[in-house]
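Numbers restart at 1 for each chain; the letters A, B, ... are given by sequence-line order, proteins then strands. Side chains are part of it too, since the values below use all heavy atoms of this structure and drop only hydrogens, waters and symmetry mates.
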Number of protein chains: 2
Amino acid sequence: MPTPERTSIDAIVAAGQEIIEVDGPAGLTMQAVAERVGVRAPSLYKRVRDREALRVAVATASVDALATELEAAGDDLSTLARTYRTFAHAHPEGFRLMFNAAVPHEALERSAAPVIRACATAVGEADALDAARLFTAWATGFLQMELSGAFRLGGDVDRAFEYGLRRLLASLAG
Amino acid sequence: MPTPERTSIDAIVAAGQEIIEVDGPAGLTMQAVAERVGVRAPSLYKRVRDREALRVAVATASVDALATELEAAGDDLSTLARTYRTFAHAHPEGFRLMFNAAVPHEALERSAAPVIRACATAVGEADALDAARLFTAWATGFLQMELSGAFRLGGDVDRAFEYGLRRLLASLAG
DNA sequence: ACCTGAACACCGTTCAAGT
DNA sequence: ACCTGAACACCGTTCAAGT
């Protein structure tokens, strides 16, 4: 006898995204997600293989959301960098999880594409990939350090970000 | 009646470092550490407050080890970058944990000092901190992406590292 | 003083039984 | 077909009792 579905993979992932921002990555338990979507924990196994798959699904949703924002930001590297930073500030735990779960390659590629395209414009096709990696590595590392409090002491973090961005753009232009 | 100590905080932290490299961060359980140092799990609570404190202690040990290697590397930014990368390759899980645990500020400062000093030589005292943040953010982000497999496809990763390093040094020189 | 077994709460996961 | 309670294994943590 068929029964109506009481939740969905989308609702489960959305619940996971909300939970990590409130309770941190350790709060992402099967029971917390189940309670939030209104089922019992065992029911989640109809939609996700295990907790690790749920972590990956939540991380992938974050990468997809980031990709959407980057695509809307256009081809300007400064705008892309600031969009990236705004995203990280808005969803710090989702941002962190992106680098702590095995996000499928297609999702990563989609979020990388706008940066690679902008770099191709700046340095030409031949060096576009290397330049995009330079740019993305800097932005990612900066945000990770900013969020983890590595910049706790000294200096203006906004100024350090703009300094890095300016230097990088100059380097790519040179 | 006093009893002889059957383990030590150093042995516990060393066991934790070994465990994460073999079994990953999820393998760092109180029971696994206890077994490795030859006591029962409850005994660990004589030396560490809880599992999170153990994670922090292991991460801090990694930062200290990194700082020691950076101090020995000298004042050349290229050498510092390659030393950092060699360290990350040798202890990938220890490297990742450094950014996923609340390492005390003094440890972070000690590992940052060699880079700040090298940057002061390169760009002067006024911009040394911003330059060090640019440099460290790039290297950290690059390694994190390299280790997490974000560079899985396309291009030579070694070449991308050297490309980024060259561009950054040029930028700081300019 | 440090160590341990026992106990408890909590979590991930499976599965037979419900609808 | 999906959902659930019950069950099991495993883990973090506490604590009284041992030496």
### Query
Going by heavy atoms closer than 4.0 Å, what residues in residues 16-29 of chain B are next to DNA chain C?
none

### Message
Under 4.0 Å, heavy atom to any atom of DNA chain C: which of residues 31-52 of chain A qualify?
### Response
A:Q31, A:P42, A:Y45, A:D50, A:R51

#### Entry: Rounded interatomic separation in angstrom, taking CZ from B:R55 and P from D:dC11
16 Å

### Summary
In whole angstroms, the gap separating P of C:dG12 from CE of A:M30 amounts to 7 Å

### Main-chain N/O of A:T79 paired to A:D76 side chain as donor or acceptor, under 3.5 Å
yes

### Message
Just so I know, are the side chains of A:P114 and A:L80 near enough to count as touching, which here means a heavy-atom distance under 4.5 Å?
### Response
yes

### Message
Strictly by salt bridge (Lys or Arg N to Asp or Glu O under 4.0 Å), give each pair with a member in residues 25-39 of chain A just once, sequence neighbours left out.
### Response
A:E18-A:R36

#### Entry: CZ on A:R85 to CD on A:E146, rounded to 0.5 Å
4.0 Å

### Task
Under the salt bridge (Lys or Arg N to Asp or Glu O under 4.0 Å) rule, collect the residues that match up with A:E69, sequence neighbours excluded.
none

### Set of salt bridge (Lys or Arg N to Asp or Glu O under 4.0 Å) partners for A:E71, sequence neighbours left out
A:R110

### Task
Give the stems involving DNA chain C, where a stem is 3 or more consecutive Watson-Crick or G-U wobble pairs (i with j, i+1 with j-1, and so on) under 3.5 Å.
C:4-8 with D:12-16, C:12-16 with D:4-8

### Query
When you check the side-chain N and O atoms of A:N100 and B:R96, is any donor under 3.5 Å from an acceptor?
yes

### Query
For B:R167 and B:Y163, does a side-chain donor sit closer than 3.5 Å to a side-chain acceptor?
yes

### Task
Apply ring-ring contact (aromatic ring centres under 6.0 Å, His included) to the pair A:F161 and A:F151, showing each step before the final yes or no.
CA-CA 11 Å; A:F161 189 80; A:F151 294 159; 10.0 Å; no

### Query
NA contact type, B:T7, heavy-atom cut-off 4.0 Å: base, sugar-phosphate, or nothing?
sugar-phosphate

### Query
Are the aromatic ring centres of A:F95 and A:Y84 under 6.0 angstrom apart?
yes

